[in-house]
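Working notes for the structure below.
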Amino acid sequence: MFEVEQKHVEDLIHQYCQENDLPDVEIKWSWIPFNGQWGISTSFFQLASRSFGTVKGNVGQKAKEIAQNVAGYLGQVPGFEKIEAVNGYLNLYFSTADYFQRVVDKVLAEGTEYGKGARTNRQLMVEFSHPNTHKAFHVGHLRSAFLGDVLARILEAAGNDVVRVNYPGDIGLHVIKWLWNYLKYHKGEKPEKDITRWMGNLYAEAVKRLDQDPELEKEIREVYTRWDQRDPEVVKCWEETRQWSLDGFKEMYDLLDIRFDRYYFNSMFEKPGKEMVEELLKKGIATDERAEGGAVIVKLDEKLGLKEEKYRVMVVLRSDNTALYATEDLALAKRKFTDYPNLEKAYYVVDVRQSLHFQQVFKTLELAGYEWASHCQHVPYELVNLPGNVVMASREGTVVLLEDLIREATSRALEVVKIKNADLPEEKQLDIARAVGIGAIKFPMLSRESNKIVTFDWQSALDFNGQAAPYIQYAYVRANSILRKVNQEIPASLKPSIELTAEEVALVDWISRMPEEIQKAARDLKPLVITNLAYELARAFNDFYTQCPVLAAEEPVRSMRLRLVAAARQAICNSLVLLGITAPQAM
RNA sequence: GUCCCUGUAGCGCAAUGGAUAGCGUGCCGGCCUCCGAAGCCGUAGGUGUGGGUUCGAAUCCCACCAGGGACACCA
């Protein structure tokens, strides 16, 4: 937000280097890392090191000298209160009063748009969630849904045009098993509520029956054949029951505030996938081993002339001519770039176990000559496991259902809401409890590196204290509460006439970083950057809140702080929106 | 066997190659007669091991140790 001033100083430093026969190096700025200090900082170690060339020298000493001299050279620079050289670093402290006014004015003028980047004209696609129909929706599925949703929000905020895609697995062996079990033992049944759970239970039941009597495999294969031949009864049953799952998913996405622009279904790509395999065979990329009882494969390493194994071999069609995931993924990618020819990136938010698979698919498409293949990128994430590193799997019964988690988190939050907001209507209380409960579920999945395993346990999932969404929501509510009490317009723009407290400076500091942090999060595809920002904002606000009275303050401090509270509320709110977490008015 | 990821305080996590490695939680002790205590303040606790690169390494490179994962018809 202070690019102009920063650039000015950079120019001066470059000028100094030229005049003093120093090499020209890029100047990298960072925030002054000391508490309560607000400004930018750069070091001269690299410059000092380069200035020696191949000759050995005392870099630390030289950097110190340069920093001193540059500080002297700069003298007074508009926009900065103080410039100092410390141990080879050059620290420039902002004119806090000026910048306070600038930051607060900007936030209040831009409102919900504050922090967003300029439009880029780049179109990006984020594919995420991809749930399996006819199966339960459990906590392990949440990470892709949350990560993808928030990545989409971040990329959009950074200025891009984002297409959100879901790719449900609506066909495959698991669906056939389910259909078999349904047609044989549950024909005509349909529960009134909790359909997703019921669907999952039926799947588990099918698996159990099969485990107990492997002979039943024959019947499954029979259903598969009927499906392949488009037997009306099977197709109709599939269409109907698939829709039950999709309706259930829709309900959950609504509850979680997750939306999609487009659905691609697994079942849409069986045929086009097989056509692509034909094409690969024609182009000599795929090898047909079906005559010897094998499959159609792509010998990637061989095709690429690699000595060491890297991409290995990918099966693109089973020996019985049926399609598998790889077949469909080839066609799906093609479809994405047919529907959206200008896509600059197609992100696949899929768990890390499929890294090799995606490398194979993308490499194969590249070999086939699709220039957009290089625009495809797998965004991997680690799993959500149960304590003891137990993987959640519906067939093992080792799952925590999403419905159960939401219900539990909401009711836990509701207990507190009822005490603290006893006079609110019940409906409002429930809305707040949902916002708090769901926020608490989302936060821990977003606030760590995606290559780290999340271990789910009830106790920490339902802990609403400390580094968690409710902490941030609470800061928002407190800010909101102050502004509600004054019951008047936010005072007009003003420049603080007395020195700001350390808490005020720190709060403005964090608010001002928001635009840069959003760009960083988008560049690195890291929601973690935003959870950190949101948390720091809330913490800075809480510090301010306990140290700086607002309503009881004398003018003009009161007006100044009211504006700051309004700006903080806006910034916190915007950061929560980016995380897909609701900012409640009270809680 | 090959490849990938992880290792930071009892536990869960942060830290554009940069200054004094931060935060939460748990334990203990404080703070509601001041804008909401889902909050605030205080005490204690540290980068798996060994080399290397660099002015500077939790971060980059190599080896080792420990844990997890992927490697031909599952998705």
Side-chain angles (χ1 to χ4, degrees), chain A residues 28-34 41-43 45-46 48-49 52 56-63 86-89 91 130 132 169 172-174 266 289 294-297 299 308-320 322 324-329 350-357 359-360 380 382-383 385 389 391 413 416-417 420-421 436 440 444 447-449 451-455 457 460 463-471 473-475 477-486 520 524 528 531-532 535-536 539 542-543 545-553 561 565 586-587:
Chain A
K28 286 179 289 184
W29 296 103
S30 52
W31 301 102
I32 294 176
F34 307 117
S41 161
T42 190
S43 71
F45 297 105
Q46 211 168 34
S49 177
F52 287 124
K56 286 247 172 190
N58 188 333
V59 172
Q61 189 57 42
K62 182 78 178 174
V86 184
N87 291 327
Y89 290 85
N91 295 332
H130 28 249
N132 281 326
L173 199 55
H174 76 276
N266 200 202
E289 296 186 342
V296 180
I297 60 176
K299 298 177 178 172
E308 283 155 13
E309 59 175 356
K310 179 169 183 193
Y311 297 101
R312 301 183 154 97
V313 168
M314 176 167 70
V315 176
V316 289
L317 196 65
R318 290 198 191 93
S319 48
D320 64 357
T322 57
L324 63 166
Y325 218 67
T327 324
E328 287 143 357
D329 261 347
V350 183
D351 82 69
V352 68
R353 294 173 299 184
Q354 290 175 46
S355 296
L356 177 61
H357 165 76
Q359 280 190 56
Q360 292 176 327
E382 266 293 357
L383 303 183
N385 287 346
N389 219 17
V391 178
V416 182
V417 174
K420 303 184 75 157
N421 301 274
V436 173
S447 64
R448 64 196 65 201
E449 292 282 356
N451 59 8
K452 292 208 170 150
I453 295 172
V454 172
T455 303
D457 71 277
S460 49
D463 187 356
F464 297 162
N465 299 312
Q467 226 167 52
Y471 178 90
Q473 292 167 317
Y474 189 62
V477 165
R478 279 174 144 185
N480 201 45
S481 178
I482 291 178
L483 295 170
R484 199 174 43 224
K485 282 212 167 64
V486 297
K520 187 179 169 202
D524 301 343
L528 163 68
T531 54
N532 281 349
Y535 180 74
E536 292 297 343
R539 199 150 67 100
N542 278 334
D543 279 351
Y545 185 90
T546 48
Q547 294 302 316
C548 308
V550 178
L551 300 179
R561 286 186 179 162
V565 171
M587 65 187 272

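The figures here come from the full heavy-atom set of this structure, side chains too, leaving out hydrogens, waters and symmetry mates. Sequence lines set the chain letters: A, B, ... in the order given, protein chains first and strands last, and positions in each chain run from 1.
Between A:N451 and B:rU6 there is a side-chain N or O to OP1 or OP2 distance below 4.0 Å. For the pair A:N465 and B:rG39, the criterion of a side-chain N or O lying under 4.0 Å from OP1 or OP2 is met. Within the 4.0 Å cut-off from OP1 or OP2 of B:rA72, not a single side-chain nitrogen or oxygen of A:K299 is found. For A:Y471, a side-chain nitrogen or oxygen approaches OP1 or OP2 of B:rC40 to under 4.0 Å. Applying the 4.0 Å criterion to OP1 and OP2 of B:rU16, one finds that A:K520 has a side-chain N or O inside that range. OP1 or OP2 of B:rG36 sits under 4.0 Å from a side-chain N or O of A:S481. For B:rC74, neither phosphate oxygen OP1 nor OP2 lies less than 4.0 angstrom from any side-chain nitrogen or oxygen of A:R353. Contact annotation: A:S49 reaches the phosphate of B:rC55 (side-chain N/O to OP1 or OP2, under 4.0 Å). Between A:K310 and B:rC71 there is no side-chain N or O to OP1 or OP2 distance below 4.0 Å. Proximity of A:R318 to the phosphate of B:rA75: a side-chain N or O atom is located under 4.0 Å from OP1 or OP2. Side-chain nitrogen and oxygen atoms of A:K28 include none within less than 4.0 Å of the OP1 or OP2 phosphate oxygen of B:rG17.
A:S41 comes within 4.0 angstrom of a nucleotide base, judged by non-hydrogen atoms across all strands. Using a 4.0 Å heavy-atom distance criterion, A:F34 is classed as a base contact. The residue A:L324 sits close only to the backbone: its heavy atoms come under 4.0 Å of sugar-phosphate atoms, none of a base. A:D524 comes within 4.0 angstrom of nothing in the nucleic acid, heavy atoms only. Residue-level contact check: A:M314 touches neither bases nor backbone, having no heavy atom under 4.0 Å from any strand. At a threshold of 4.0 angstrom between heavy atoms, the contacts of A:E449 are confined to the sugar-phosphate backbone, with no base atom among them. Nucleic acid contact for A:V417: base, since at least one base atom lies under 4.0 Å from a heavy atom of the residue. Nucleic acid contact for A:V477: base, since at least one base atom lies under 4.0 Å from a heavy atom of the residue. Residue-level contact check: A:V416 touches the bases, meaning some heavy atom is under 4.0 Å from a base atom.
Salt-bridge check for A:R353 with A:D351: passed, with a basic side-chain N closer than 4.0 Å to an acidic carboxylate O. At a threshold of 4.0 Å, the pair A:E309-A:R312 counts as salt-bridged, since one of the basic side-chain nitrogens sits closer than that to a carboxylate oxygen.
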Report the C-alpha distance between A:N91 and A:S41 in whole Å, list the side-chain angles of each, state the deciding distance to 0.1 Å, and finish with yes or no for side chain to side chain donor-acceptor pair (under 3.5 Å). CA-CA 5 Å; A:N91 295 332; A:S41 161; 3.1 Å; yes
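Taking syn as a glycosidic angle within 90° of 0, B:rC61 does not qualify and is anti.
Spacing between B:rG17 and B:rC31 at atom C1', rounded to whole Å, works out to 42 Å. Look at the P atom in both B:rC71 and B:rG12: the space between them is 27 Å, to the nearest Å. Comparing B:rU43 with B:rG29, their C1' atoms sit 8 Å apart, to the nearest whole Å.
Between A:A440 and A:F464, the shortest heavy-atom contact is CB-CE2, 3.4 Å.
Checked by distance alone, A:R448 brings no side-chain donor or acceptor within 3.5 Å of a matching partner on the base of B:rC13. Between the side chain of A:S43 and the base of B:rA19, no donor-acceptor pair of N or O atoms lies under 3.5 Å.
Minimum atom distance to the side chain of A:N542 is reached by B:rC40, of the listed B:rC40, B:rA70, B:rG36.
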Could you spell out the base pairing of RNA chain B in dot-bracket, with Watson-Crick or G-U pairs whose two distances are under 3.5 Å, [ ] crossing and | to another strand? (((((((..((((....[...))))..((((.......)))).....(((((..]....))))))))))))....
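Taking a centre distance below 5.5 Å and an interplanar angle below 30 degrees as the stacking criterion, A:Y89 does not stack against the six-membered base ring of B:rG18.
For the residue pair A:N542/A:Y471, the side-chain donor-acceptor check at 3.5 Å is satisfied.
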